[in-house]
Amino acid sequence: MTRLKADRRHAVRFSLNGKPVEAEAEPRMLLSDFLRHQLGATGTHVGCEHGVCGACTVVVDGMLTRSCLTLAAQVDGCELKTVEGIAPSADRLGVLQQAFRRNHALQCGFCTAGILMSLDHYLGKNPNPTEAEIRDLLSGHICRCTGYTPIIQAALDAAAELTSKKETSDA
Amino acid sequence: MLQAVKSANPGHGDEPWVGRSIERVEDAALLSGRGRFIDDLGVAPGTLHATILRSPHAHADILSIDAEAAKRLPGVAAVLTGADVKAVTTSLVVGVKAPVECWPIAMDRVRYVGEPVAVVVATDRARAEDAAELINVEYRPRGAVVDPLGAIAAGAPVLHDGFPGNLASDRSFRYGDPEKAFADAPHRFSIDIRYPRNSCTPIETYGVVASHDAGEDAYEVLANFQGPFSIHTVIARALKVPGNRLRLRTPPDSGGSFGVKQGVFPYIVLIAAAARITGRPVKWIEDRLEHLTASVSATNRATTLAAAVAADGKILALDWDQVEDCGAHLRAPEPATLYRMHGNLTGAYDISHVKVRNRVVVTNKTPTGLNRGFGGPQVYFALERLVHRIAIGLDLDPLDVIRRNLIGAGAFPYRTATGALLDSGNYQEAVARAVEQGRLAELKAKRDEARAEGRLYGIGFTAVVEPSVSNMGYITTVLTAAERRKAGPKNGAQATATVGLDPVGSVTVHVASVPQGQGHRTVLSQVVADVFGLEPKDIRVNTEIDTAKDAWSIASGNYASRFAAAVAGTAKIAAERVADRVARIAASQLNVEAADIVFAKGFVASKHNPENRIAFSRVAALSHWSPGSLPDDAGQTIRETAFWTPPELTPPDDDDRINSSLCHGFIFDFCGVEIDPTTLETRIDRYVTMHDCGTILHPGMVNGQIRGGFAQALGAALLEEYGYAEDGSFLTGTLADYLLPTTTEVPEPEIFHMETPSPFTPLGAKGVGEGNCMSTPVCLANAVADALGVADITLPLVPARLAELVRGAEPPPPAGAAVAPVREGDRRLRGEGQATVKGAPEQVWAMLLDPATLQSVIPGCQRVDKVTDRHFRADVTLGIGPVTGRYRADVELFDLDPPRAVTLRGGATGALGFGSAEGRITLAPDGNGGTKLTYSYDASIGGKVASIGGRLLDGATRVIIGQFFTALARKAGGGGAEGGGFSLFALLAKMASLFGGRR
Ligand code: FES
Ligand code: FES
């Protein structure tokens with residue numbers, strides 16, 4: 001394991017949404033700050049910096065991760081996915097994002113990136129979730145605007161659409 | 001069960017866009033990570049970053065601040081203390097007439113935990129935080145008071161000399177003849193309420209970027225402030241510049257506010273002062289601990305409400321005695337929370353006689369400010385609990401008591417006893433529909449069934465009038481009529497909107513409504529599209545505000561649910577004015593009368609001959625390209641700014657009657673709850689909420705507001721409270737301590753609507769965003785009271801509190817285990833244990849008293865000084881997990897009995913907290929040449945550390961103590977120590993290490 005010097009900046013390199021990125025960080029720099037302020041990937045938000053609100057959730061090497069509880073140096077060499085990487089293209093929304101828009105599942109949108117990441121990750125592995133499962137999954141996220149139920153509805157909607165799409169393309 | 005309201009984007013028919021749930025224009029960017037919140041925006045090169053050192057004490061004199069070491073740290077540009085800020089600013093105005101100052105930073109005294117004491121400005125946030133830890137502040141604690149009634153009790157510590165007895169205002173009001181009504185009434189019911197402190201806590205915290213141009217002495221500020229922009233005048237005054245030298249802008253997106261971001265304004269002053277002093281732009285982003293501890297909160301209130309009641313349950317008179325706790329400073333616009341509801345103290349009921357005593361007090365807690373519901377939750381909790389109590393007292397159905405007292409459908413517009421003019425409604429009809437559509441009968445059957453099985457099931461009701469569009473003059477009700485005459489009238493609520501047409505005829509709308517997620521851009525595009533016969537996508541709406549360029553008034557901003565009722569209507573007025581001129585131009589081009597012109601499907605056409613038409617964009621652009629060819633009376637169509645203020649919003653009259661708000665929606669809620677007999681958790685079985693908010697502009701968003709308000713109200717009812725210990729320590733500084741509702745707690749409310757348009761607003765709409773924050777907490781409380789059959793209910797309804805109601809207070813501990821009395825909320829750490837160390841007692845004794853040994857065995861110890869033989873002082877830096885802090889500890893030795901026993905007593909202070917502890921160690925030979933140490937300790941902590949959560953402390957303390965004894969044992973020449981161990985230093989070190997809760 002490389003030893004990092006506390007008062008030095010070290011290069012951190014990883015893959016962000018499929019593209020290689022590199023910037024420097026002090027060992028104490030949080031991944032959330034690194035993404036936002038070093039890389040300009042400001043879609044990931046910071047709501048508490050102590051692991052409760054879920055706004056900062058990203059995917060690191062296939063695992064849901066609180067970027068506010070992760071040091072930038074820890075993800076050196078990893079594969080990261082953030083909210084900037086879930087739309088099929090810059091001017092098109094993905095199925096989950098469209099379901100959010102259709103169901104009014106966001107108001108201020110500050111919590112949304114983290115919730116999208118959790119759902120995107122979860123639906124990839126569990127295509128037919130129940131409402132209870134979605135509620136359980138999202139209990140690690142705080143939204144102060146929506147009262148949650150439109151978010152749950154959007155998730156179930158997206159799951160149904162993803163499943164039927166898959167069935168059509170499989171057929 | 002979920003009732004989804006999906007967006008409808010149907011083919012473009014002829015029906016208007018207003019009233020449809022179209023998809024929001026805001027969403028694409030927010031869903032793709034392209035939102036533009038304040039911390040997402042770049043800043044000028046060279047911008048400095050601020051961090052704020054805050055008081056760990058609720059009430060203390062500042063004896064000295066030593067910032068030398070902090071200033072020497074590389075990268076630090078400045079450390080500002082109260083004196084520095086005072087040199088460039090003046091006190092914030094205070095909401096009542098009193099010789100009291102209100103600064104955004106402590107001057108020579110702190111009055112609440114979290115009050116700013118110093119601002120460190122450095123090249124980056126981390127450097128600034130490093131430096132803040134090096135500042136040594138010496139405090140002399142004073143007695144603190146956190147309870148509003150305690151604050152006005154004789155002998156309470158006084159916060160401000162200008163508020164004798166901590167009383168900032170005491171006004172009595174009388175409407176009708178309440179004394180006679182009480183004397184004549186057959187029944188009198190009374191209730192005492194303690195409404196708790198809570199906050200809607202947006203997920204995005206405060207942010208400010210400020211710069212100062214010394215040449216022009218002008219400030220530029222970007223802040224996620226939400227209005228009201230009357231605060232602009234407060235900020236400018238504090239910065240000692242005229243309003244035109246304070247350019248205040250808001251970012252395009254704001255991560256929720258719910259009133260709370262009004263409270264960023266003292267920080268605008270502070271950061272602007274830092275920019276002036278350093279001559280550089282300065283940025284500050286608040287962290288969550290700061291936000292919970294010291295941003296702003298709703299008021300807590302002690303209320304006694306009495307009613308004179310007829311035998312049939314008709315309420316004849318009310319007698320309100322409200323004691324409002326505004327925290328340590330009376331910051332603008334307080335005491336507005338208390339007066340916002342003044343016109344509505346009779347709720348949805350027809351009550352002619354009202355007596356009111358309103359007192360405003362200060363306590364050693366965070367100053368209060370805007371919060372969704374703003375005064376409504378406090379008022380309705382008392383009123384609607386009392387209505388339930390009346391029903392029980394008279395053996396009537398609560399719903400019958402509500403019905404008996406509702407204002408009659410034919411009575412609108414109805415003037416309440418205290419002065420509000422209720423615009424429209426049909427409350428009986430709304431109740432009837434809710435009972436029917438919400439299936440109350442079914443719920444009652446369920447309750448009977450559950451009770452028959454011995455389960456705890458209850459039903460609650462609430463009827464609420466939801467005021468919206470505040471009268472900017474209501475706060476002057478706190479002044480006497482004579483004082484008001486002297487000050488000049490204040491009233492109205494100017495809304496503004498600008499509609500512009502560009503050279504290719506596309507439409508732009510600007511408003512000063514500062515949304516934080518409410519979809520204003522979408523709704524305005526619907527409203528304006530309807531006027532011009534266009535589609536919402538043709539209309540671009542900008543809701544950022546720039547006070548240097550945009551139309552705004554003191555009423556601008558996003559509060560008091562004024563958007564749909566006031567702002568959207570004003571946009572319609574502006575658009576219609578432009579449309580009127582476009583029609584005249586088109587009429588001359590089409591050779592028809594202007595009255596024959598219609599806007600539809602992108603064209604301006606003749607009603608009679610639709611073929612005779614011209615593209616909207618073509619006419620719209622003419623003002624730019626060929627003003628000379630316009631008819632003389634048409635004027636320009638380039639830009640129109642409309643202002644609108646409702647004439648109904650008059651100032652308080654000489655009898656203190658005040659129409660505090662323009663619109664009044666109606667809400668009727670009922671719910672069924674079941675309480676688990678073992679865990680005493682409250683589960684909401686079904687929640688029905690009926691709303692009449694006038695004309696609905698966007699059903700999806702209206703329901704979104706209702707759901708969001710409901711979830712926040714559910715939090716207020718079941719989970720949330722800003723907790724303070726008696727010494728003023730703040731106990732809920734993280735989201736793990738201040739619990740917010742999550743997906744597992746929030747059910748889908750069953751929402752019903754009725755639409756009685758407001759005759760006072762351009763679109764017939766009324767506000768809707770705050771109602772459930774007013775109705776839901778008390779509705780749930782009524783249901784829980786019904787389930788448990790208890791009379792007194794205090795929020796939040798946490799299981800521990802319900803356990804006391806159901807099972808009585810906790811039994812005292814069994815005799816023999818002498819435990820010091822523990823005050824509620826106190827953070828105490830106690831323990832005892834044993835450890836064995838190699839070496840005879842004499843040797844261990846000597847080591848324990850030797851500074852050099854201590855320095856080497858106390859984890860993280862930098863130095864130990866022996867002040868006297870019995871007095872040691874230590875500097876220690878310690879980290880547990882990510883939490884690192886520096887502190888100074890003073891320890892004195894008592895009852896020395898060498899080498900057998902010693903008592904240690906001491907205190908530690910760090911920048912972020914303080915603690916004191918006492919312990920006794922006895923040493924005895926263990927029979928193997930070693931020493932057996934027996935110890936006990938009792939410590940108490942306060943300040944920031946107390947807000948981190950006691951659970952963390954105990955375990956972490958043991959780790960530290962373990963480290964200490966391991967090191968001691970090693971030093972003594974043996975292996976590891978056995979068992980636990982004790983060191984007062986180590987304990988204090990542990991506590992202090994938690995003070996440093998920052999990176
Ligand atoms: S910011 Fe990471 S969980 Fe809240
Ligand atoms: S949409 Fe605002 S916090 Fe979730």
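Below, read A as the first sequence line, B as the second, and so on, with proteins coming before strands; counting in each chain starts at 1.
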With respect to chain A, which residue among [options] yields the maximal number of heavy-atom pairs within a distance under 4.5 Å?
options                                    : result
Asp253(B), Leu714(B), Thr201(B), Ile285(B) : Thr201(B)
Gly42(B), Ser254(B), Gly33(B)              : Gly33(B)
Gly256(B), Pro515(B), Gly517(B)            : Gly517(B)
Gly35(B), Ser257(B), Gly704(B)             : Gly704(B)
Ala711(B), Gly709(B), Gly255(B)            : Gly255(B)

Q | Centroid-centroid distance, His698(B) to His104(A), less than 6.0 Å | A | yes

Q: Find the distance between CE (Met29(A)) and CZ (Arg125(B)) and round it off to the nearest 0.5 Å.
A: 12.0 Å

Q: Enter the distance from Arg288(B):CZ to Cys68(A):SG here, rounded to the nearest 0.5 Å.
A: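 Spacing of CZ (Arg288(B)) from SG (Cys68(A)) equals 11.5 Å.
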
Heavy-atom contact with chain B under 4.5 Å, split by part of [X]:
X         : answer
Ile142(A) : both
Val52(A)  : side chain
Leu138(A) : both

Which heavy atom of [X] sits nearest a heavy atom of [Y], and at what distance?
X         : Y         : answer
Gly147(A) : Val746(B) : O-CG1, 3.5 Å
Thr744(B) : Ser139(A) : CG2-CB, 3.8 Å
Cys108(A) : Gln516(B) : CB-O, 3.4 Å
Val83(A)  : Leu31(B)  : CG2-O, 3.7 Å
Cys48(A)  : Leu735(B) : CB-CD1, 3.7 Å

Taking the side chain as every heavy atom from C-beta outward, state whether [X] and [Y] have any pair of such atoms under 4.5 Å apart.
X        : Y         : result
Leu30(B) : Leu106(A) : yes
His50(A) : Leu289(B) : no
Ser32(B) : Leu93(A)  : yes

Any side-chain to backbone donor/acceptor pair from [X] onto [Y]? Under 3.5 Å, distance only.
X         : Y         : result
Arg144(A) : Glu204(B) : no
Glu23(B)  : Arg101(A) : no
Gln518(B) : Gln107(A) : no
Thr743(B) : Arg135(A) : yes
Gln97(A)  : Ala28(B)  : no

Q) Does Tyr148(A) have any ring pair (Phe, Tyr, Trp, His ring centres under 6.0 Å) partners at least two apart in sequence or in another chain, and if so, which? A) none

Q | Results of ring pair (Phe, Tyr, Trp, His ring centres under 6.0 Å) for His45(A) - residues two or more places apart only | A | Phe110(A), Phe37(B)

Q: Might you work through the side-chain contact (heavy atoms from CB on, under 4.5 Å) test for Asp287(B) and Glu49(A), ending with a clear yes or no?
A: CA-CA 8 Å; Asp287(B) 72 24; Glu49(A) 287 185 309; 4.1 Å; yes

Q. Between Arg102(A) and Asp27(B), does a salt bridge (Lys or Arg N to Asp or Glu O under 4.0 Å) hold up when you go through it step by step?
A. CA-CA 10 Å; Arg102(A) 221 167 36 241; Asp27(B) 290 353; over 6 Å; no

Q. Is the closest basic N to carboxylate O distance between Asp40(B) and Arg36(A) below 4.0 Å?
A.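 Yes, this pair counts.
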
Q.
Just so I understand: if I count every heavy-atom pair under 4.5 Å between each of Gly47(A), Cys111(A), Gly109(A) and chain B, which residue has the most?
A. Gly47(A)

Q.
If you count heavy-atom pairs within less than 4.5 Å of chain B, which of Cys145(A), Ala113(A), Cys143(A) leads?
A.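 The candidate making the most pairs under 4.5 Å is Cys145(A).
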
Q.
Please classify the contact between Pro741(B) and chain A as side chain, backbone, both or neither, with a heavy-atom cut-off of under 4.5 Å.
A. both

Q: Please flag which part of Glu26(B) lies under 4.5 Å from any non-hydrogen atom of chain A: side chain, backbone, both or neither.
A: neither

Q.
Would you say that more than 12 heavy atoms from the other residues, nucleotides or ligands in this model lie under 6.0 Å from the CD of Glu24(A), or not?
A.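 Atom CD in Glu24(A) is crowded, with more than 12 foreign heavy atoms closer than 6.0 Å.
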
Q) Looking just at side-chain N and O atoms, do Thr146(A) and Arg707(B) make a donor-acceptor pair shorter than 3.5 Å? A) no

